Every structure is written in structure tokens, then in C-alpha cells.
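Have a look at the structure below before the remarks.
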Number of protein chains: 2
Amino acid sequence: MAQAQALSRNQQIVLNIIEKAKGPLKAYSILFNVQKKGINAPQQIYRALDKLIEMGKIHKIESKNAFVACRSSDCEISKATAFSICESCETVDEISDTKLSKYLSGFNHKKGMKFKRFNLEFFGICKKCKKD
Amino acid sequence: MAQAQALSRNQQIVLNIIEKAKGPLKAYSILFNVQKKGINAPQQIYRALDKLIEMGKIHKIESKNAFVACRSSDCEISKATAFSICESCETVDEISDTKLSKYLSGFNHKKGMKFKRFNLEFFGICKKCKKD
DNA sequence: TAAAAAGTGTTATATTATAACAAACGTTAT
DNA sequence: ATAACGTTTGTTATAATATAACACTTTTTA
């Protein structure tokens with residue numbers, strides 16, 4: 001079985017910031033937050049982000065160009081991602097719903113394409129925002 | 001019933017280009033293609049794109065920052081979009097699958113959020129590319 | 001321990017998207 | 001018809017997001 005890959009220095013720094021955050025972080029906001037640690041250039045952030053995504057440690061929210069930590073422990077390599085996004089407060093939750101995930105993983109295009117990966121983003125107004 | 005909205009000059013120009021294209025177009029590639037028509041600035045493109053999206057005439061492929069025409073005639077306002085994307089040739093197809101669409105439209109988050117809209121992007125290698 | 005692979009630091013630049021303002025156009029209500 | 005309003009346009013400038021390219025170091029593997 002593939003061993004959990006060790007993180008390099010920069011990867012660890014970037015992951016820590018994302019994990020501590022309450023919501024999705026943008027690449028440049030991560031950059032500003034790690035300049036005290038000697039990381040000075042966007043490249044360093046983007047390289048770390050790329051690897052963390054490959055490892056399944058984080059996900060990119062495509063509609064927001066932002067990054068969140070993966071909360072589902074079994075998500076070694078992330079082939080199936082689903083998020084719920086509040087259009088008012090911008091809160092993002094990762095959805096882990098076995099049924100949904102199975103349904104979509106089994107879905108194949110009529111034109112003969114077999115899917116390896118999907119990303120699903122739901123939008124709405126969250127409970128909290130609805131009250132206001 | 002809401003009348004089909006008339007398109008303004010720039011909106012029509014931009015929509016024409018997107019409809020003629022074989023695949024998704026990027027905003028700046030649209031811009032270069034319409035400079036002969038007197039459109040000179042990104043703003044003009046992005047403004048048209050925004051309106052066309054609102055009207056459901058086009059969709060944005062978030063993972064590619066690119067835009068495609070909507071092929072499903074009933075898609076007046078696009079609340080439910082699904083695409084199949086080939087990671088090799090970059091071909092993008094809009095998926096119109098009633099079952100899928102119903103399944104996802106009926107999906108609601110456990111945390112009490114009611115979704116108004118979703119976007120789903122599937123990735124894989126298409127039939128054609130598999131042969132090579 | 002040499003070779004290969006992965007990671008780092010850096011400068012520069014490409015790509016994608018929005019801000020802000022003034023003028024023209026289109027609709028509707030009077 | 002025309003004033004008032006909203007929408008669209010044109011324009012300049014700039015913000016935000018992301019990659020290219022190169023030289024060097026560290027880690028892994030054979």
C-alpha cells in the first residue's frame with residue numbers, strides 16, 4: 001500500500017495555513033500570510049498547492065479560485081469532490097454523502113467517455129444567512 | 001411568461017462567436033476575435049459574458065475559465081449545469097441527462113441549506129483520445 | 001555514492017478580471 | 001414630446017490570478 005507521502009517544508013507551511021483557516025483561502029492571501037516564514041513568491045505557493053491537491057490534502061473551489069483543506073480522512077487522492085457554497089456569506093462546506101458520491105462515480109457519459117474525476121459545486125443561501 | 005430578452009449589439013457579437021466555436025472560448029480569445037468589430041477592451045467582453053450567463057445563453061466552465069454556448073433549448077436560466085471534459089483534447093460537452101439533473105436538483109444539504117444552482121464538471125479521456 | 005527526482009528561490013511575465021467615470025441609448029410615465 | 005430612469009457603451013487604468021524559465025539544493029533510489 002502506498003505510504004502517506006511526507007510533506008516538504010513549503011508544502012507543510014501552506015497546508016497548515018489552509019487547515020487553520022475557517023474557509024477557503026486564495027493563493028495570494030496565503031502568500032501574504034507566509035512571508036514572515038521566508039516564502040516570497042507566488043510560484044512557491046502555487047507549487048505547494050499543486051502538490052497538495054495531487055495528494056488530496058486540499059481541494060480547489062473552482063468557482064472561487066480558492067483552496068480548502070480536505071476534511072474527509074479517506075480522501076487520499078481526490079477524484080470526487082462536492083461542495084456547498086453560500087452565495088451570501090461565502091461559506092464553503094465539503095459534502096461527503098456516500099450516495100451522491102456513488103451515484104456520480106458510477107455516472108458515465110453516453111458518448112462513451114469514462115470519467116475519472118468530478119467536481120460538483122452547489123450554490124444557495126445557508127441557514128444562517130436566511131434568518132437575516 | 002417572461003419574454004425572451006433581446007440582445008444588445010455587443011452581447012449579440014459575443015454570443016455569435018461563442019456559438020460558432022467548436023469548444024469553449026476564453027474571454028481574451030473572444031476579445032481578439034472581435035477587435036475588427038470595434039470592441040477593444042476586456043470590459044466590453046466581460047460585461048457581455050455576464051449578461052449572457054444571466055440569460056442562460058452561455059455557461060462558464062469554471063475549471064477552464066472558458067465559455068460555451070448552451071445547447072439545451074430549455075435552458076432559459078441556467079441553474080443546473082453539467083459538463084464532460086476530456087483531459088487530453090480538452091473537448092467539453094454539455095451533459096443533458098434528465099435523471100442526473102433531477103437527482104441533483106433535488107439534493108439538499110444536511111445542514112439545512114437549500115440549493116438554487118449547481119455546476120458539475122466531469123473529467124476523463126474521451127473515446128477518440130483513448131484510441132491514440 | 002553517483003544519478004535521478006523532487007523541491008527551492010528568484011525574476012519576469014502572462015492571463016484573467018474588475019474599478020471607475022463619462023457619454024449614448026432605450027424605455028416609460030407624465 | 002420630454003424628463004427621468006435604467007441599461008449599455010467606450011475608455012483608461014489597475015487588480016488579481018497564474019505560469020515560464022533558470023540556477024541551485026535537497027532527498028531518494030539504484
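Sequence lines set the chain letters: A, B, ... in the order given, protein chains first and strands last, and positions in each chain run from 1. The figures that follow rest on heavy atoms only: side chains count, while hydrogens, waters and symmetry mates do not. Fair warning: this is a prediction, and the values are worked out from it, not measured in the lab.
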Between CE of A:M55 and P of C:dG7 the distance, given in whole Å, is 6 Å
Margin query: Taking any heavy-atom pair under 4.0 Å as a contact, classify B:Q11: base, sugar-phosphate, or nothing.
Written below: sugar-phosphate
Against the side chain of B:N40, the closest entry in D:dT11, C:dT8, C:dG7 is D:dT11
_Between B:I58 and B:L31, is there shared hydrophobic-cluster membership here, with clusters defined by ILVMFWY side-chain heavy atoms closer than 4.5 Å?_
yes
query: For residues B:T81 and B:N119, is any side-chain donor paired with an opposing acceptor at under 3.5 Å?
result: yes
Residues passing the ring pair (Phe, Tyr, Trp, His ring centres under 6.0 Å) test with B:Y46, sequence neighbours excluded, are none
B:L31 CG to D:dT12 C1', in whole Å, measures 14 Å
Check your understanding: Are OP1 or OP2 of C:dG9 and a side-chain N or O of A:Q44 less than 4.0 angstrom apart?
Key -> yes
Residues passing the salt bridge (Lys or Arg N to Asp or Glu O under 4.0 Å) test with A:E19, sequence neighbours excluded, are none
Which pairs, protein N/O on one side and nucleotides 27-30 of chain D N/O on the other, fall under 3.5 Å?
none

Nucleotide by nucleotide, nucleotides 16-25 of chain D touches protein heavy atoms under 4.0 Å in the pattern (B base, S sugar-phosphate only, - none) -BBBBB----
Taken in chain and number order and not counting sequence neighbours, the residues that satisfy salt bridge (Lys or Arg N to Asp or Glu O under 4.0 Å) with B:K51 are none
* Is B:Y103 close to A:K99 at the side-chain level, that is, under 4.5 Å between some pair of heavy atoms? -> yes
Does D:dT8 have OP1 or OP2 sitting under 4.0 Å from an N or O in the side chain of B:K51?
yes
Double-helix bend of the helix from C:dT1-D:dA30 to C:dT30-D:dA1, axes at both ends from 5 pairs, round to 10°, gives 50°
- Under a 4.0 Å N-O cut-off, is there an ion pair linking A:R117 with B:E87? yes
* Hey, is the side chain of A:N10 poking within less than 4.0 Å of OP1 or OP2 on C:dA6, counting only N and O atoms? -> no
**Study point:** Short side-chain N/O contact from A:S8 to OP1 or OP2 of D:dT26, under 4.0 Å
**Key:** no
